[in-house]
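What follows is a single structure, written as structure tokens, with notes after it.
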There are 2 protein chains.
Amino acid sequence: MIRMSKETDYGIILLAHFAGDQERLTHSARALAAETYLPLPMVSKILKILAREGFLVSYRGVKGGYSLARSPERVPIAEIITAMEGPVAMTECVEAPGECRHEPVCQLRSKWQKINEVVLLALGSITLSDLIGPLPDQLAPFGGKPENLVRLQ
Amino acid sequence: MIRMSKETDYGIILLAHFAGDQERLTHSARALAAETYLPLPMVSKILKILAREGFLVSYRGVKGGYSLARSPERVPIAEIITAMEGPVAMTECVEAPGECRHEPVCQLRSKWQKINEVVLLALGSITLSDLIGPLPDQLAPFGGKPENLVRLQ
DNA sequence: ATGAAATGGTACCGGATCAGTCCTATATCA
DNA sequence: TGATATAGGACTGATCCGGTACCATTTCAT
């Protein structure tokens, strides 16, 4: 179904929460779990990953916690997804060239690479700050000209 | 990793094969398996799905086989993906509104819907006929203006 | 008629992945 | 020194996925 893992989903929810409440200096895992209604062990696990990957800065000890490492508008969600579940690759051959045994006879790899770029570009244009605005949202993708969207060949 | 299932991957390979060789009236599962180097039982299974979903027309009996139900340029790959693995939905809440227990407090659902539309639009603009052209490919997504790509809010 | 060759449908299985938990070590503050 | 926080793993149960197997039905050729 072309779906992200729950971990990534939760990770983005957590980061959006950081972006939406920048008044507090740090957020602890416990507080975040309570505010997002996500299970604490899961939240804790994900925060560690996000800190390791450079999205959050961590502070240990009592009164410790996490805070955003960058301002929300400088965090493309494509980057979050890539950090949490590896490179966005619709097919195996895009991620690991040479490993697909059909590659010598399959003509599609270069096509998938282009398609992948399009998806990545779409995701790369959305940042954390886009996720915290008020409703309703209006989408104007590609200047409203889907016919000019992609041109392979 | 935001990846399609192998079934979908193989399905698109098979459909591209149909599109690339329209001289023969029908292709049998056995022949397709040999030509694409995919395992026959898998090919057979996938062809049944593609026929049931309306991408292929099937003919039973000796000398039977499958043929494309529509011309390649009228088959968006987004439709193939959707048919084979359900609606493209980056998050659970996009596919099944109301089922996510965080929905009442989560502000992100409408955002994900927009993001999803963008991905779908990107995939929807590519058809089977785009997959059989000669190399090299040149991609010009969104008229080369990624800054105009998506506007949430 | 009958057998070969094709699709239709479904059940089944082993392995991999995923969501989630738990435990221990380390750091910091009061 | 104890409470509270993160760091970094190991671990598990359930689900999903890739792949196979089986049997029924249809069609063509002899």
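The sequence lines fix the lettering, A, B, ..., with proteins before strands; numbering per chain opens at 1. Since the structure is predicted, the reported quantities are computational estimates derived from the model, not experimental observations.
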In numerical order, the residues of residues 21-45 of chain A whose heavy atoms come under 4.0 Å of DNA chain C are A/Pro39, A/Pro41, A/Met42, A/Lys45
Donor-acceptor pairs under 3.5 angstrom involving side-chain atoms of residues 36-44 of chain A: please list them, not counting sequence neighbours.
unit_1, atom_1, unit_2, atom_2, d
A/Thr36, OG1, A/Leu32, O, 2.7

Is the number of heavy atoms from other residues, nucleotides or ligands within 6.0 Å of CZ (B/Arg70) greater than 12? yes
Tell me which nucleotide among C/dG8, D/dG18, D/dA7 gets nearest to the side chain of B/Lys48. C/dG8
Heavy atom of residues 52-62 of chain B under 4.0 Å from DNA chain C: which residues? B/Ser58, B/Tyr59, B/Arg60, B/Gly61, B/Val62
Separation of C/dG9 atom P from B/Ile49 atom CD1, nearest Å, is 11 Å
Within residues 40-69 of chain A or reaching into it, pairs that qualify as salt bridge (charged side-chain N to carboxylate O under 4.0 Å, His left out) - sequence neighbours excluded: A/Glu7-A/Lys45
To the nearest angstrom, how far is A/Ile2 atom CD1 from D/dC17 atom P? 11 Å
Side chain to side chain contact (heavy atoms under 4.5 Å, CB included) between B/Lys114 and A/Ile126: does it pass, once the steps are laid out? CA-CA 11 Å; B/Lys114 306 299 180 190; A/Ile126 305 166; over 6 Å; no
Partner residues of A/Tyr59 under the side chain to side chain contact (heavy atoms under 4.5 Å, CB included) criterion, sequence neighbours left out: A/Thr26, A/Val57, A/Ser67
Which part of the nucleic acid, if any, lies within reach of A/Lys6 when heavy atoms closer than 4.0 Å are counted: base, sugar-phosphate only, or nothing? sugar-phosphate
Non-hydrogen side-chain atoms of B/Leu56 and B/Leu15 separated by less than 4.5 Å: yes
Applied to residues 8-21 of chain B, the side chain to side chain donor-acceptor pair (under 3.5 Å) test, sequence neighbours excluded, yields B/Ser5-B/Thr8, B/Thr8-B/Glu85, B/His17-B/Glu35, B/Asp21-B/Arg24
